[in-house]
Amino acid sequence: MVQPTDAFRAVERSKVYAAVVDQILRAISAGTFPPGSALPAERVLADQLSVSRGSLREAIRVLEHAGVLDVRVGSGTYVADGGRSPTAMLRAQAAAIGEHSPLDLIVARAAIEPVCAAHAATAHQPADLEQLESALSEQARLTQQGEDPTGADLAFHLAVAAASHNGVLLALEQNLIELMHEQTWSDLKHRSRSRVHAAAQFLEHHELVLGAIRQRDPRRASQLMSMHMSAIEAGLVAELEGPDRSGG
């Protein structure tokens, strides 16, 4: 078993911040520091990593915010009870490179997109339906050909927000889509979409949402979009906790 004194090594001066986060996460994942255990004192840990105490404090701050570490004033820094969870690890890894956790992003999407769908159902114009149908048609073509439908998928969600004719909702959706271009989201979502039947399932969800919007049924449109968000979240969590290509 790796001893606490041997868990860390000096990092290069470039990318110090991300490297410190990475090494602490690796040590926790390896079981060197189980939940409830204390990390070495700040001075000792900074010496082991050969980084400034300022850089170390910043890394610890992010790990605390992610739920990996528990900083107790006057006592020390401890691994949080849920510090080894995939959710906490992913949030910390994303923050270390200046990005957002995909699981945090889907929470925000689940709060905004059903509202967009409901308003789209009552406010859409013929031109909005044309945009939705165009995006959906392209998504179907790419899915059927086994190609990446991400662009068409995002275009559909943006078209739903545009069909709400609410400028604030559209701006929020545009911001969410910008975040969905981050590498952490793209990588995990791509792996999730690659699970058996996932791409076809998401396409079917979009078809149902469009049907409710076309029928001007705001309640159903909202419910269907919520269902879609839940399915995306479930796929992300399943991929994060243990990839399994055998099921959909």
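In this text the structure is predicted, and so the values were computed from the model without any measurement. For reference, positions follow the sequence shown, starting with 1.
A distance-only check finds a donor-acceptor pair linking the side chain of Ser230 to the backbone of Ser226 [under 3.5 Å]. Judged by distance alone, with hydrogens and angles left aside, the side-chain atoms of Ser192 form no donor-acceptor pair with the main-chain N or O of Leu188 at under 3.5 Å. Using modelled atom types, one side-chain atom of Glu99 and one backbone atom of Thr184 make a donor-acceptor pair closer than 3.5 Å. In this structure a side-chain-to-backbone donor-acceptor pair under 3.5 Å is present from Ser164 to Ala161.
Crowding of Arg43 atom CZ: a count of heavy atoms from other residues, nucleotides or ligands under 6.0 Å not exceeding 12. For Gln145, the CD atom counts as densely surrounded, since its 6.0 Å shell holds more than 12 non-hydrogen atoms of other residues, nucleotides or ligands. Crowding of Arg141 atom CZ: a count of heavy atoms from other residues, nucleotides or ligands under 6.0 Å exceeding 12. Heavy-atom contacts from other residues, nucleotides or ligands closer than 6.0 Å to CZ of Arg84 number more than 12.
Counting all heavy atoms, side chain and backbone alike, Gly82 lies closest to Ala88 at O-CB, 3.7 Å. Between Pro34 and Gly31, the shortest heavy-atom distance links the atoms CD-O, 3.6 Å. Across every non-hydrogen atom of His124 and Leu129, the tightest pair is CD2-CG, 3.6 Å. Of all heavy-atom pairs spanning Asp153 and Lys189, the tightest one is OD2-NZ, 4.4 Å. In terms of heavy-atom proximity, Val20 sits nearest to Ala59 at CG1-CB, 3.4 Å. Residues Ile213 and Ala117 approach most closely at CG1-O, 4.0 Å, considering heavy atoms.
The stretch residues 88-117 participates, sequence neighbours left out, in no ring-ring contact (aromatic ring centres under 6.0 Å, His included) pair at all.
Taking CG from Asp70 and CD from Glu64, the interatomic distance works out to 7.0 Å, rounded to the nearest 0.5 Å. To the nearest 0.5 angstrom, Met180 atom CE is 10.5 Å from Asn175 atom CG. The line from NE2 of His197 to CD of Glu204 is 12.0 Å long, rounded to the nearest 0.5 Å. Here the CD-CD distance, from Gln144 to Gln139, works out to 10.5 Å after rounding to the nearest 0.5 Å. With values rounded to the nearest 0.5 angstrom, Arg219 atom CZ is found 11.5 Å from Leu224 atom CG. Rounding to the nearest 0.5 angstrom, the gap separating the CG atom in Leu25 from the CG atom in Leu90 is 10.5 Å.
Taking hydrophobic clusters as Ile, Leu, Val, Met, Phe, Trp and Tyr residues chained together by side-chain heavy-atom distances below 4.5 Å, Val16 shares a cluster with Leu69. Hydrophobic clustering, with ILVMFWY side chains joined whenever heavy atoms are under 4.5 angstrom apart, keeps Tyr78 apart from Val62. The hydrophobic clustering, which links ILVMFWY residues whose side-chain heavy atoms are closer than 4.5 Å, places Leu154 and Ile232 together. Ile177 and Leu170 fall within a single hydrophobic cluster, where Ile, Leu, Val, Met, Phe, Trp and Tyr side chains are chained together by heavy-atom contacts under 4.5 Å. Ile97 and Val68 are not part of a single hydrophobic cluster, where members link through side-chain heavy atoms under 4.5 Å apart.
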Before you tell me yes or no, could you show the steps for Met89 and Ile28 under side-chain contact (heavy atoms from CB on, under 4.5 Å), namely the whole-Å CA-CA distance, both residues' side-chain angles and the distance that decides it to 0.1 Å? CA-CA 10 Å; Met89 290 283 179; Ile28 293 172; 3.7 Å; yes
Before giving the answer on side-chain contact (heavy atoms from CB on, under 4.5 Å), spell out for Glu182 and Leu179 the whole-Å C-alpha distance, their side-chain angles and the decisive distance to 0.1 Å. CA-CA 6 Å; Glu182 292 182 344; Leu179 293 177; 3.7 Å; yes
Working for side-chain contact (heavy atoms from CB on, under 4.5 Å), residues Trp185 and Ile106: CA-CA 10 Å; Trp185 167 271; Ile106 197 63; 4.3 Å; yes
Between Asp187 and Arg191, is a salt bridge (Lys or Arg N to Asp or Glu O under 4.0 Å) present by the stated rule, with each step listed? CA-CA 6 Å; Asp187 287 347; Arg191 284 157 44 198; over 6 Å; no
Evaluate Leu103 against Arg91 for side-chain contact (heavy atoms from CB on, under 4.5 Å), listing each step before the verdict. CA-CA 8 Å; Leu103 298 182; Arg91 183 178 290 117; 5.7 Å; no
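A heavy-atom distance below 4.5 Å is found between the side chains of Leu136 and Leu203. Annotation: side chain of Glu173 is not in contact with side chain of Leu169 (no heavy-atom distance under 4.5 Å). Contact of the Leu63 side chain with the Val71 side chain is not registered, since no non-hydrogen atoms from C-beta on lie closer than 4.5 Å. Residues Gln131 and Leu158 are not in side-chain contact: their nearest non-hydrogen atoms beyond the backbone lie 4.5 Å or more apart. Side-chain contact between Glu233 and Met229 is absent, with no heavy-atom pair separated by less than 4.5 Å.
Side-chain contact annotation: Glu113 with His157, donor-acceptor N/O pair under 3.5 Å present. Inspection of the Asp148 and His190 side chains reveals no N or O donor paired with an N or O acceptor under 3.5 Å.
The side-chain contact (heavy atoms from CB on, under 4.5 Å) test applied to Val44 returns Pro40, Ala41, Gln48, not counting sequence neighbours. Judged as a salt bridge (charged side-chain N to carboxylate O under 4.0 Å, His left out), and not counting sequence neighbours, the contacts of Glu58 are Arg61. Listed by chain and residue number, nothing satisfies the salt bridge (charged side-chain N to carboxylate O under 4.0 Å, His left out) test with Arg216 (two or more places apart in sequence, or in another chain). Judged as a salt bridge (charged side-chain N to carboxylate O under 4.0 Å, His left out), and not counting sequence neighbours, the contacts of Glu42 are Arg53, Arg57. Shown here are the ring-ring contact (aromatic ring centres under 6.0 Å, His included) partners of Phe202, two or more places apart in sequence or in another chain: His228.
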